[in-house]
**Student:** 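This is the structure I want to talk about, given as structure tokens.
Here the structure is a predicted model, which is why all the values come from computation and not from measurement.
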Amino acid sequence: MIRKILPHPYLTVTLVMVWLMLANSYTLNSLVFAILVGLVIPWITAPYWPARPRFAKPLKIIEYISIVIWDIIVANITVAKIVLFMPNSKLHPAWVTVPLDIVTPEAVTVLAGTITMTPGTLTAELAADGHSLLVHALHAPDADEVRDEIKSRYEARLKEIFE
């Protein structure tokens with residue numbers, strides 16, 4: 001019964017929070033409308049979701065989000081230094097292939113999105129077999145170090161969360 005009302009509870013909570021932030025008004029009307037949006041959109045889109053993602057350790061999501069936010073802040077500062085102070089002749093852009101140990105589509109999507117959200121890196125392509133990502137790094141004197149950092153910092157945590 002509860003799954004019919006809340007087919008995707010995480011999506012419902014996310015939609016309510018996002019609506020309240022976008023409305024920039026914490027009135028009863030905003031809260032009621034946010035709850036309506038949070039209930040109606042998942043209910044309408046439920047047939048298009050083949051399966052819900054399974055979380056092995058859902059509390060690790062908080063740790064992962066904290067690490068990603070910190071890395072985005074640090075990467076912003078690093079990219080600003082590169083753009084403002086590093087001459088083009090010393091810049092070492094690189095294409096890095098990151099082999100994947102994670103297999104769930106949700107985990108791969110979160111990893112690709114995390115890489116793209118972090119300034120200085122961009123996920124360009126997922127291999128046809130789904131076993132590697134092609135990543136562009138703005139400044140990577142050692143491409144292996146970039147690959148190893150992505151695997152240890154992000155992929156290992158996503159593996160704990162999703163598998």
**Student:** Is L111 close to I150 at the side-chain level, that is, under 4.5 Å between some pair of heavy atoms?
**Tutor:** yes
**Student:** Hydrophobic clustering (ILVMFWY, side-chain heavy atoms < 4.5 Å, transitive) - are V18 and M117 grouped together?
**Tutor:** no
**Student:** In terms of the angle between their ring planes, are Y64 and Y154 parallel, tilted or perpendicular, with boundaries placed at 30° and 60°?
**Tutor:** perpendicular
**Student:** Assess the residue pair T104 and L158 against the criterion (side-chain contact (heavy atoms from CB on, under 4.5 Å)); give the C-alpha distance rounded to whole Å, side-chain angles, the decisive distance to 0.1 Å, and a yes or no.
**Tutor:** CA-CA 10 Å; T104 60; L158 288 173; over 6 Å; no
**Student:** Report the C-alpha separation of R147 and T97 in whole Å, then their side-chain angles, then the decisive distance to 0.1 Å, and conclude whether the side-chain contact (heavy atoms from CB on, under 4.5 Å) test is met.
**Tutor:** CA-CA 7 Å; R147 181 200 63 224; T97 301; over 6 Å; no
**Student:** Let me confirm one number: the OG1-CG distance from T45 to L11, rounded to the nearest 0.5 Å.
**Tutor:** 6.0 Å
**Student:** Might you point out which heavy atoms bring P42 and L15 nearest each other, and give the distance in Å?
**Tutor:** CD-CD1, 3.8 Å
**Student:** Ignoring hydrogens and angles, tell me if any N or O in the side chain of T12 forms a donor-acceptor pair with the backbone of G38 under 3.5 Å.
**Tutor:** yes
**Student:** Is the shortest side-chain heavy-atom distance between L100 and L126 below 4.5 Å?
**Tutor:** yes
**Student:** Please say whether more than 12 non-hydrogen atoms of neighbouring residues, nucleotides or ligands are located less than 6.0 Å from CD in E163.
**Tutor:** yes
**Student:** Say whether I72 and I69 are linked into one hydrophobic cluster, either directly or through other cluster members, by side-chain heavy-atom distances under 4.5 angstrom.
**Tutor:** yes
**Student:** Report, as yes or no, whether the 6.0 Å neighbourhood of atom CD on E160 holds more than 12 heavy atoms from other residues, nucleotides or ligands.
**Tutor:** yes
**Student:** Group every Ile, Leu, Val, Met, Phe, Trp and Tyr by side-chain heavy-atom contacts under 4.5 Å, then state whether L122 and L133 land in the same group.
**Tutor:** no
**Student:** When clusters are formed by joining ILVMFWY residues with side-chain heavy atoms under 4.5 Å apart, either directly or through shared neighbours, do L138 and V146 land in the same one?
**Tutor:** no
**Student:** Within the distance-only criterion (no hydrogens, no angle test), does the side chain of S30 pair as donor or acceptor with the backbone N or O of Y26 below 3.5 angstrom?
**Tutor:** no
**Student:** List the steps and the verdict of side-chain contact (heavy atoms from CB on, under 4.5 Å) for L39 and L6.
**Tutor:** CA-CA 7 Å; L39 292 173; L6 291 171; 3.4 Å; yes
**Student:** Examine V79 and M86 and state if one hydrophobic cluster contains both, with Ile, Leu, Val, Met, Phe, Trp and Tyr joined whenever side-chain heavy atoms are less than 4.5 Å apart.
**Tutor:** yes
**Student:** Can you say whether the rings of W95 and H136 are parallel (under 30°), tilted (30 to 60°) or perpendicular (over 60°)?
**Tutor:** perpendicular
**Student:** Does R157 use its side chain to pair, donor to acceptor, with the backbone of R153 at less than 3.5 Å?
**Tutor:** yes
**Student:** Could you check whether any side-chain heavy atom of I161 comes within less than 4.5 Å of a side-chain heavy atom of E63, counting everything from C-beta outward?
**Tutor:** no
**Student:** Keeping K60 on the side-chain end and F55 on the backbone end, is there a donor-acceptor pair under 3.5 Å?
**Tutor:** no
